[in-house]
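Reading through the C-alpha cells given below for one structure.
When a ligand or atom number is given, it counts from 1 through the structure's own listing order. Sequential numbering from 1 along the given sequence is applied to the chain's residues.
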Amino acid sequence: MAKWVYMFTEGNANMRNLLGGKGANLAEMTNLGLPVPQGFTITTEACTQYYEDGRQINDEIMAQIMEAITKMEGVTGKKFGDKENPLLVSVRSGARASMPGMMDTILNLGLNEEVVNTLAEKSNNPRWAWDCYRRFIQMYSDVVMEVGKKYFEELIDEMKTKRGVKQDVELTAEDLKELAEQFKAEYKEKIGADFPTDPKEQLMGAIKAVFRSWDNPRANVYRRDNDIPYSWGTAVNVQMMAFGNMGDDCGTGVAFTRDPATGANGLFGEFLTNAQGEDVVAGVRTPMHITEMEQKFPEAFVQFKQVCKTLEDHYRDMQDMEFTVEHGKLYMLQTRNGKRTAQAALKIACDLVDEGMRTEEEAVAMIDPRNLDTLLHPQFDAAALKAATPMGKGLGASPGAACGKIVFTADDAVEWAERGEKVVLVRLETSPEDITGMKSAQGILTVRGGMTSHAAVVARGMGECCVSGCGDIAMDEENKKFTLAGKEFHEGDFISIDGTTGNIYDGIIPTVDATIAGEFGRIMAWADKYRTMKVRTNADTPADAKKAVELGAEGIGLCRTEHMFFGEGRIDAFREMICSTTVEEREKALAKVLPYQQEDFEGLFEALEGNPVTIRFLDPPLHEFVPTEEADIKKLADAQGKTVEEIKTIIDSLHEFNPMMGHRGCRLAVTYPEIAKMQTTAVIRAAIKVKNAHPDWAIKPEIMIPLVGDIKELKYVKKFVVETADAEIKAAGSDLQYEVGTMIEIPRAALTADEIAKEADFFCFGTNDLTQMTYGFSRDDAGKFLNAYYDAKIFENDPFAKLDQVGVGKLMKMAIELGRPVNPNLHVGICGEHGGDPSSVEFCHKIGLNYVSCSPFRVPIARLAAAQAAIAEKNA
Ligand code: PEP
Ligand code: MG
C-alpha cells in the first residue's frame, strides 16, 4: 500500500519533492526540536492521484488521513469534533517550490455551532471563540466553496460602521457571533445548503480545495513564470492550530533572518497582536515592526531570535518564517528560504561566503538568473531624483524605479500594457487575482499593507518595483481616482515611484541605465570563473554591442544586418535595391548601401576589440522594407525613374502567402547574388580597416548564411562569398582570415548536418525559426492560441521563449552529433531568443555548445545560467 500521509515526525528537509517545501521544513523543524504544533503532511503524490482519480480523494488516502488525525489526537490530547476539548487544525498548501500567496489556506477547521458555544463558555474567552468561528466560515466559504471574499468583507465593514469602530479587533464577542450568523446565512443563500458541521466533511472539503488550488489561474501563471512544472502537484499540511487571536498576550508574525529587500543582515519582519496569520499578509491592519515584539513578549522574542539563528545556520540561507505567540508561548508555523529581491540575493550570497557559510560555487548557484533582469532595468537618474520633491511616502517594498500612467485595476494594467503604455498599478491593496496586472505594470503602489503584504511579497518575487502601505492616499477605487498631497490623480496621470525609498513623485522622473558593480560584479566574476560556455550577444549596432560588452559579452553571435537598413538615408537606397528590375539597377543601388554597411561593421569590430563577430547576411522577406505611404512610393519612383504604377506593381509582386517560409534567407542570395557580394565586400573591407588600425586585435569575421536547408544552397552562396572575400583581401594585400558558417534553423539542416558541416566553419542554431518550423507554428501568430494551449495543459510554456528540449532540442543534439565528427573544428552556438533563457542555456551547456548568444541585457543572465549549469554538472 502506498504511503500518502506522513506525520511531521516522519519526514525531513530532504523530502521536499514528496512533502512539499512547507511539509519538509515542518518535519525538519520538528527534528531540530523547535516548538512546532504537530500535524501531518499529505504528499504531492496524493495530489497527483487526486487529479488522476477525477478530482476525488480515494478511500485509501482518506483512510490514511483519518488515521493521521487519530495520531494527532494522541499527541495533542485533543479530539477532532469534540465539544469539550476540540482539536482545531489549519489546512495549508505547500508545493515543492514555494509559491507565496498562490494557493489556499484554511484556519480553525473543526468548529461548528456546538463546539464554538462550548469553547466560548469554557475558555472564558468568547471573543476568541467567535472570532475563530467567523474566520473559519469566511475562509471555508471562500476557499472551499468559492463564494468569494467580498460578501464577507462587506458584512464586516457594515458591522464596523454600525458599531462605530475602525479595526476588526474592536469588535466584541457579540458582534463576532452576529457576524458568524450573517456569514452562515450568506453561505446558505449562495450555496443553497447549510454550512457543514461535520469536521470530517470540513477536512476533506478543505484538502480537496487545496489540491484544486494547484490548478487555479494565478497558480498556473506563477508556475509558468517560475518554471515550475504542473506535474509536481502540491502537498497539504494539516497542523494543530496555535492561536494568536486569544487576546493581547497573543499575536502572529512573519519574519526574515535578513532584509529581503536589501539583504542586510538582521531580523526583519512584522508582528500583529491579537491576530491570526492571514491578517499580516493580507494587510488588514498595518503591523508593527518585529523589534517592537521585544517589549510586548520579551521571553518569546528571545526564544524566537534563537530559533532564527538555529534555522539560518541549519539551512545556510536567509529564512522566511511564520510564527504565532499564544499566551506568551512561541510556536513556529513555517520556515523556508526567503524570497528576496535581486539586490538582496546578491548581497546575501556574498555575505554568506564572507561569513564562511557558503562556497563561491554555492553562492553562484543560489542566485536565480531570471532575477538579474531587474538589476539591469533603468534606475532613476540620481540628479533628477535629488532635484525632485516626493509628494508622499510608503514602504520601499521592492526596489526599482517605475514611472508610468496610473491605472486602478489589474485588468486595466493588462489592457493598457498591451497597447504599449507604461503603467503604474495603484490599488488599495492587491490580492492574488491581481497577479497578471501586477506583471504588466512597471510598478505597484498600494495604500494598505506592510512589507510582507501580498503586493510586497509578489512584487519582490517578480522583481518588480513596489511601494506599499502609503496610508496618506485617499483612495476612490470605484471612480478611479485618489488624492495625495492635496492633489487629485486620475487614471492616465503620470506618477513615479521609488521602490527602494518608498518615495512617490508627481510626474515622470528620468531614468538611466544600470551598471554591474559591487556584489553584482563579485557574483558575475565568480560565475565567469566556473562557467565553460562562452556568452555572446545579438547586437546590430555599435551602441548595442558596446553595452553588451560592458555587460560581459565575449563576442557577437548574431548581427542582423537588415536592421542596419532602417536608418535615415539608408532605407531609400535599400528600397531602390529592392525595386530594381535589372542586375545593373540593383548593383547601382547596392553601391549606395555599401558604405553604410561597411561603416556599421567597422563600428562592431571596434566595439568588440578583436572578439568574434558573426554577421548574418540579409534574411527577411523583402516586402518588409517596401514603402506603404503614397508619398514614399512617389519618392522611390522618382529616384528610379519609374512610374508610381510600376513601383506598385513591383511591390505587389513581392506579396507572399506565407512569407516566413517564402523568399527569404539564403534564398535571397541565390536569387540576387549581388546582395551577398555587397555584404561580403562590406564585411571584409571593414575588418581589414579595423585590423590595420589595431594589429594586435584578432579580427576574424564570421559570415553567417541564414535559412540553409540543403548543402547545395550553402555551397552555391559560399562560392561567391569566398570569391568576393578573397579578391578583396588580395587587393588590400591583407592576411585577414574569415569564416563562413550557417544558421541551423530549418529542420532539414539539422537532419543533414553531416553534409552541411563539410562546408560550414560553424553552426549557429536559430531556434526562433527552428521552433517555428519544427512545430509548424508561426512565430508571429502563435500568441493567438498559446493561452488555449496553457488552459488545456498541452503547453506549460511558450516554446518560443523556453526551448522545447524534447523536439527542437533533439534536432540540435542531432546536428551537433552529426556535424562535429565531419568537421572537428566546427564551433557551435545558439542565437535564437532561447540563448538568454536560463533553462535553455542549461540545456545548451549539456549538449556541448561553445556559446550562447542573447540580447545585451540578458548577457549577465546567460553568464550566470551557464555557470550554474557547469557547477551542477560538476556536482552531479
Ligand atoms: C532565429 O531564427 O532563431 C534567428 C536568430 O534568426 P531571426 O530571429 O532573425 O529569424
Ligand atoms: Mg531565423
Side-chain angles (χ1 to χ4, degrees), residues 535-541 544-545 548 553 555-566 612-625 656 658-669 675-676 679 702-710 713-714 717 741-750 753 756 760 762-783 798-805 807-809 811-812 815-816 828-837 840-841 843-844 849-856 858-859 862:
V535 177
R536 297 193 188 183
T537 189
N538 296 356
D540 312 322
T541 65
D544 282 356
I556 291 181
L558 172 66
C559 162
R560 292 178 166 101
T561 47
E562 59 270 15
H563 291 173
M564 298 173 153
F565 299 129
F566 283 109
V613 175
T614 310
I615 292 165
R616 197 264 308 270
F617 279 7
L618 188 64
D619 179 61
L622 297 181
H623 76 89
E624 287 186 13
F625 302 93
E656 293 179 291
N658 205 343
M660 285 311 268
M661 299 176 88
H663 196 187
R664 58 171 290 222
C666 66
R667 298 155 207 173
L668 292 169
I675 301 178
Q679 293 202 291
E702 297 174 6
I703 292 173
M704 182 153 76
I705 310 300
L707 227 70
V708 165
D710 192 305
E713 291 175 303
L714 179 60
V717 177
T742 182
M743 299 192 72
I744 303 286
E745 50 185 346
I746 288 192
R748 196 179 185 285
I756 291 176
F762 61 89
F763 285 172
C764 188
F765 291 106
T767 44
N768 302 332
D769 276 309
L770 193 59
T771 302
Q772 165 166 266
M773 311 230 193
T774 302
Y775 264 116
F777 290 165
S778 159
R779 57 194 268 190
D780 300 314
D781 301 308
D798 179 350
F800 289 102
K802 187 177 166 190
L803 190 74
D804 158 41
Q805 298 180 10
V808 177
L811 285 170
M812 291 169 70
I816 296 173
V828 185
I830 178 175
C831 62
E833 275 308 297
H834 308 93
D837 168 66
S840 311
V841 171
F843 178 79
C844 292
L849 259 61
N850 300 91
Y851 66 87
V852 295
S853 186
C854 55
S855 56
R858 291 169 90 190
V859 165

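Nearest heavy atom pair, residue P659 against residue H623, reads CB-NE2, 3.6 Å. Heavy atoms only, all atoms of each residue included: R560 and R616 are closest at CG-NH2, 3.1 Å.
When side chains are defined from C-beta on, Y851 does not count as touching C844, because their heavy atoms never get closer than 4.5 Å. Between V828 and M812, the closest side-chain pair of non-hydrogen atoms is not below 4.5 Å.
Without hydrogens or angle criteria, S840 side chain to K802 main chain gives no donor-acceptor distance under 3.5 Å.
The set of protein atoms (N, O or S) found at less than 2.8 Å from the Mg ion (ligand 2) reads E745 OE1, D769 OD2, by chain and number.
With sequence neighbours excluded, the residues that form a salt bridge (Lys or Arg N to Asp or Glu O under 4.0 Å) with R664 are D619, D769. Residues meeting the side chain to side chain contact (heavy atoms under 4.5 Å, CB included) test with D798, sequence neighbours left out: L786, Y790, F800, A801.
Ring-plane geometry between F765 and F763 is classed as perpendicular, the angle between the planes exceeding 60 degrees on a 0 to 90 degree scale with a lower cut at 30.
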Pairwise, report which nitrogen or oxygen atoms of ligand 1 are under 3.5 angstrom from protein nitrogen or oxygen atoms, and how far apart they are.
unit_1: ligand 1; atom_1: 2 (O); unit_2: E745; atom_2: OE1; d: 3.0
unit_1: ligand 1; atom_1: 2 (O); unit_2: D769; atom_2: N; d: 2.9
unit_1: ligand 1; atom_1: 2 (O); unit_2: D769; atom_2: OD2; d: 3.0
unit_1: ligand 1; atom_1: 3 (O); unit_2: G766; atom_2: O; d: 3.3
unit_1: ligand 1; atom_1: 3 (O); unit_2: T767; atom_2: N; d: 3.0
unit_1: ligand 1; atom_1: 3 (O); unit_2: N768; atom_2: N; d: 2.7
unit_1: ligand 1; atom_1: 3 (O); unit_2: N768; atom_2: ND2; d: 3.2
unit_1: ligand 1; atom_1: 6 (O); unit_2: R616; atom_2: NH1; d: 3.2
unit_1: ligand 1; atom_1: 8 (O); unit_2: R560; atom_2: NH2; d: 2.7
unit_1: ligand 1; atom_1: 8 (O); unit_2: N768; atom_2: ND2; d: 2.9
unit_1: ligand 1; atom_1: 8 (O); unit_2: R779; atom_2: NH2; d: 2.7
unit_1: ligand 1; atom_1: 9 (O); unit_2: R560; atom_2: NE; d: 2.7
unit_1: ligand 1; atom_1: 9 (O); unit_2: R560; atom_2: NH2; d: 3.4
unit_1: ligand 1; atom_1: 9 (O); unit_2: R616; atom_2: NH1; d: 3.3
unit_1: ligand 1; atom_1: 9 (O); unit_2: R616; atom_2: NH2; d: 2.8
unit_1: ligand 1; atom_1: 10 (O); unit_2: D769; atom_2: OD2; d: 2.9
unit_1: ligand 1; atom_1: 10 (O); unit_2: R779; atom_2: NH1; d: 2.8

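Using a 3.5 Å distance cut-off with no hydrogens or angles, the side chains of S855 and N538 do not pair a donor with an acceptor.
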